[in-house]
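Structure, as structure tokens:
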Amino acid sequence: MDYEEEQRTEKEALESIYADSYQEVEKNLIKINIYPYTVESDDEINYVGLTLQITYPETYPEVKPEISIFSLKGLAKKETDELKKNLEQIAEDNLGTIMVFTLASSAQEWLLEHNDQKTAKRNEEIKQETGAYESEEEEEDEYEKLMREKSQVSNNLTRYSENTQISAQTYVSQGTPVTKEIFNQWKEQFILERKEVREKLQQESNTEGQILYGKLTGREIFEQKKYVEKVGADGVDIDE
């Protein structure tokens, strides 16, 4: 028997059947997420679910695969242990033939029998209260999830810090709350820019004033100077 070819053919079939619920982690390790109902509806709700993990030995299917079961939702450790025992017996009865689809189908039938809302809810509550994990792998998955969330928060804070460099007008237009710290940073930048504008206006006034005002009446010159001073002075209300 060509064991490698048998395993390859079976994995291709499983991937075709289970699609996104199937994952080939390594050459000899696969996972299948299984629920009572493939498609949920108002009358067919999945209160429980599990991951069936299969590790292929080199001479499978002449020897049975290593079976592991992890709860996705609503199952207690004693229940997954019970199912594992059942599947190991099925594997023993099917030695010599490819059997993973048979194991997965049996697991789904078992889930249908244990798809109880109250029991599933209680199992989840116990897990949350005790912080208990069915395996080191499940605990590692939870740790990785928390680390991803921590990294996302860190990235958000970094972007938040970078965004404090944009103008206050942008914050207002986007509806983003302006904190005291953000406002103070913007205020310092605004004061610096205002100073540069004042200096530029003063320079232009000294060098081009005669040209600018030469064609205006006295009142127009007064109004023009008043406008320039107003622009250079504030633009917005900020207390220094």
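These numbers were taken from a predicted model, which means no experiment stands behind them.
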Restricting to non-hydrogen atoms, name the atom on L103 and the atom on A91 that form the minimum distance, rounded to 0.1 Å.
CD2-N, 4.0 Å
Identify whether F70 and V25 are in the same connected component of the hydrophobic contact network (ILVMFWY, side-chain heavy atoms under 4.5 Å).
no
Looking at residues at least two apart in the chain, or sitting in another chain, which of them share a salt bridge (Lys or Arg N to Asp or Glu O under 4.0 Å) with E92?
K64
For Q7, enumerate each residue passing the side chain to side chain donor-acceptor pair (under 3.5 Å) test, keeping only those at least two apart in sequence or located in another chain.
none
Could you work out, with salt bridge (Lys or Arg N to Asp or Glu O under 4.0 Å) as the rule, every residue matching E62, not counting sequence neighbours?
none
Sequence neighbours left out, what passes side chain to side chain donor-acceptor pair (under 3.5 Å) with E44? Give chain and number order.
none
Among residues at least two apart in sequence or on other chains, which ones pass side chain to side chain donor-acceptor pair (under 3.5 Å) with D81?
K77
Show the atom names and distances, to 0.1 Å, of all donor-acceptor pairs under 3.5 Å that link a side chain in residues 12-20 to residues at least two apart or in another chain.
from: E12; atom 1: OE1; to: R8; atom 2: NH1; distance (Å): 3.4
from: E12; atom 1: OE2; to: R8; atom 2: NH1; distance (Å): 2.5

With distance as the sole test, does E10 use its side chain to make a donor-acceptor pair with the main-chain N or O of M99 at under 3.5 Å?
yes
Set of residues satisfying salt bridge (Lys or Arg N to Asp or Glu O under 4.0 Å) with respect to K27, sequence neighbours excluded:
E4
Measure across N123 and G74 and return the closest heavy-atom pair with its distance rounded to 0.1 Å.
ND2-O, 3.0 Å
What's the spacing between L75 CG and L111 CG if we round to 0.5 Å?
6.0 Å
Which residue pairs pass the ring-ring contact (aromatic ring centres under 6.0 Å, His included) test when at least one of the two sits in residues 76-113, sequence neighbours left out?
W110-H114
Sorted by chain and residue number, the salt bridge (Lys or Arg N to Asp or Glu O under 4.0 Å) partners of E88 (sequence neighbours excluded) come out as none
Without swapping roles, check the side chain of E66 against the backbone of T55 for a donor-acceptor pair under 3.5 Å.
no
Working note: E58 + N28, criterion side chain to side chain donor-acceptor pair (under 3.5 Å); need CA distance, chi angles, decisive distance, verdict.
CA-CA 8 Å; E58 185 176 347; N28 68 331; over 6 Å; no
Apply side chain to side chain contact (heavy atoms under 4.5 Å, CB included) to N115 and list each qualifying residue two or more places apart in sequence or on a separate chain.
P36, Y37, Y47, V48
Roughly how far apart are L52 CG and I30 CD1, rounded to 0.5 Å?
7.0 Å
L29 with I67, same ILVMFWY side-chain cluster at under 4.5 Å:
no
Under the criterion side-chain contact (heavy atoms from CB on, under 4.5 Å), I'd like the reasoning laid out for I69 against Q53: C-alpha separation, chi angles, the key distance, then a yes or no.
CA-CA 6 Å; I69 298 173; Q53 178 176 292; over 6 Å; no
Look only at the side chain of K73 and the backbone of N46, and say whether a donor-acceptor pair between them is shorter than 3.5 Å.
yes
Measure the CD1-NZ distance between I126 and K121 for me, rounded to the nearest 0.5 Å.
13.0 Å
Nearest-0.5 Å distance, CG of residue N86 to OG of residue S106:
9.0 Å
Pairwise distance OG1(T102) to CG(L87) - rounded to 0.5 angstrom:
10.5 Å
For I54 against P65, the heavy-atom pair lying closest together
CG2-CB, 3.7 Å
With rounding to the nearest 0.5 angstrom, report the CG to CG distance, L50 to N33.
8.5 Å
Main-chain N/O of T97 paired with N94 side-chain donor or acceptor, under 3.5 Å:
no
Please collect all salt bridge (Lys or Arg N to Asp or Glu O under 4.0 Å) contacts where either partner lies in residues 106-117, sequence neighbours excluded, each pair once.
none
Applying salt bridge (Lys or Arg N to Asp or Glu O under 4.0 Å) between K11 and each of E6, E26, E24, report the one that passes.
E24
Please identify each residue that fulfils side chain to side chain donor-acceptor pair (under 3.5 Å) with Q89, with sequence neighbours left out.
D93
If I compare all heavy atoms of V63 with all of P57, which pair ends up nearest, and what's the gap?
CG2-CG, 3.3 Å
